[in-house]
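Report on the structure given below.
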Amino acid sequence: MRFSTDLAISALLFAPAFAHKVDLYVPRCPATAAAKFTTQIPSGSPCPSTEVDLCYTDTALQLQFTANGETNFYYDPTQTTNGDIWEYEVMEAFIYKGWDDPQTYFEYEVNPNNVTYNAFVYNPSRVRTAGQPFDHAFIGDPFGDGFSVNTVLDKTNGVWKSQSSIPLALFNGEKPKGTTWRMNFFRTITSPSTYPNQQLCGWKNTGLASFHITPAFGTLQFI
């Protein structure tokens, strides 16, 4: 009986497939899956419609961000790659390959000026606990490393879109069919009259005015 008990405990400890329900099944390109959101974090108040369409190839994760209901397209034109673009208007993806609540994950952001922020986040508390370590390791040459991005503004219709490609080698994740990922998607909204205050909008509500709450990440299966 001791042997059977140990097996049962091991099965509970090493059963990642049942740790989280799958929120989104991501297909191989050119088909896509959509993560859509219309609410603020943490209040749940309305937010302009935002969509992230995802698919994968053998070597890249493809993300198309669409920000609807945009009125300001607000950014700092002096900012460049890995600057503090999150202070203004951005769309974001937090990405981790695996099933568990991550302590290290990739933060990708793009602003209406086609400027990106690319960094691994070290968040051992998983919830950005005050007084605990919280750090970033930047990808210094994203375009040299195989990233690509193309952002288009449609000011007449109040929409901006950004098509981004992120190399899967960054996650030791090439040929990803059958793998499980944890992700969350966000959008920040501000204007010249409200800056530095922001609306924080997201796919999975973190329950706090913070994006860095990894137990809230959604679960995605690559099919």
Side-chain angles (χ1 to χ4, degrees), residues 16-41 44 46-70 90-102 105-112 114 116-118 120-121 142 146-152 154 157 159-189 200-206 211-223:
F18 302 101
H20 300 275
K21 71 176 181 68
V22 175
D23 296 292
L24 196 65
Y25 291 94
V26 179
R28 184 177 183 86
C29 302
T32 60
K36 302 178 181 181
F37 51 97
T38 58
T39 55
Q40 295 184 45
I41 290 175
C47 177
S49 172
T50 308
E51 183 171 330
V52 185
D53 295 294
L54 305 88
C55 67
Y56 68 87
T57 68
D58 283 347
T59 59
L61 173 64
Q62 306 287 346
L63 303 172
Q64 178 168 290
F65 298 91
T66 302
N68 297 298
E70 183 61 67
V90 294
M91 290 186 280
E92 307 188 16
F94 287 14
I95 304 167
Y96 169 73
K97 180 177 176 286
W99 60 270
D100 51 331
D101 299 336
Y105 47 94
F106 188 66
E107 178 176 355
Y108 179 79
E109 305 177 9
V110 61
N111 76 2
N114 204 47
T116 63
Y117 180 100
N118 318 263
F120 280 98
V121 180
F147 288 69
S148 66
V149 61
N150 181 51
T151 302
V152 177
D154 180 357
N157 293 303
V159 178
W160 64 283
K161 295 186 177 185
S162 184
Q163 179 70 48
S164 298
S165 179
I166 299 174
L168 289 170
L170 201 67
F171 311 96
N172 294 312
E174 292 190 335
K175 297 183 179 179
K177 183 177 181 178
T179 57
T180 301
W181 297 65
R182 301 292 304 283
M183 300 186 196
N184 212 345
F185 306 106
F186 305 103
R187 176 182 175 185
T188 61
I189 299 172
L200 307 179
C201 308
W203 182 46
K204 297 296 181 181
N205 199 323
T206 62
F211 295 162
H212 294 274
I213 311 295
T214 73
F217 283 18
T219 300
L220 297 85
Q221 187 78 31
F222 285 26
I223 60 173

Considering non-hydrogen atoms only, spot the tightest contact between [X] and [Y] and give its length.
X      : Y      : value
Gln221 : Thr180 : OE1-OG1, 2.8 Å
Pro176 : Asp58  : CD-O, 4.2 Å
Arg28  : Thr57  : NH1-C, 4.2 Å

What's the spacing between [X] [atom1] and [Y] [atom2] if we round to 0.5 Å?
X      : Y      : atom1 : atom2 : result
Trp203 : Lys36  : CH2   : NZ    : 13.0 Å
Gln62  : Thr32  : CD    : OG1   : 11.0 Å
Glu92  : Asn111 : CD    : CG    : 11.0 Å
Thr59  : Ile166 : OG1   : CD1   : 12.5 Å
Thr66  : Gln163 : OG1   : CD    : 9.0 Å

Check: [Y] main-chain N/O paired with [X] side-chain donor or acceptor under 3.5 Å:
X      : Y      : answer
Arg182 : Asp100 : yes
Asn114 : Thr151 : yes
Thr188 : Val90  : yes

Give a yes-or-no answer on whether the side chains of Thr116 and Tyr108 include a donor-acceptor pair shorter than 3.5 Å.
no
Using the ring of each side chain (for Trp, its six-membered ring), is [X] parallel, tilted or perpendicular to [Y], with breaks at 30° and 60°?
X      : Y      : result
Phe106 : Phe147 : tilted
Trp181 : Phe222 : parallel
Tyr105 : Phe217 : perpendicular

Could you go through Phe186 and Phe94, starting from their C-alpha distance and side-chain angles, then the distance that decides it, and tell me whether this counts as ring-ring contact (aromatic ring centres under 6.0 Å, His included)?
CA-CA 8 Å; Phe186 305 103; Phe94 287 14; 5.1 Å; yes
Any side-chain heavy-atom pair from Ser164 and Phe65 closer than 4.5 angstrom?
yes
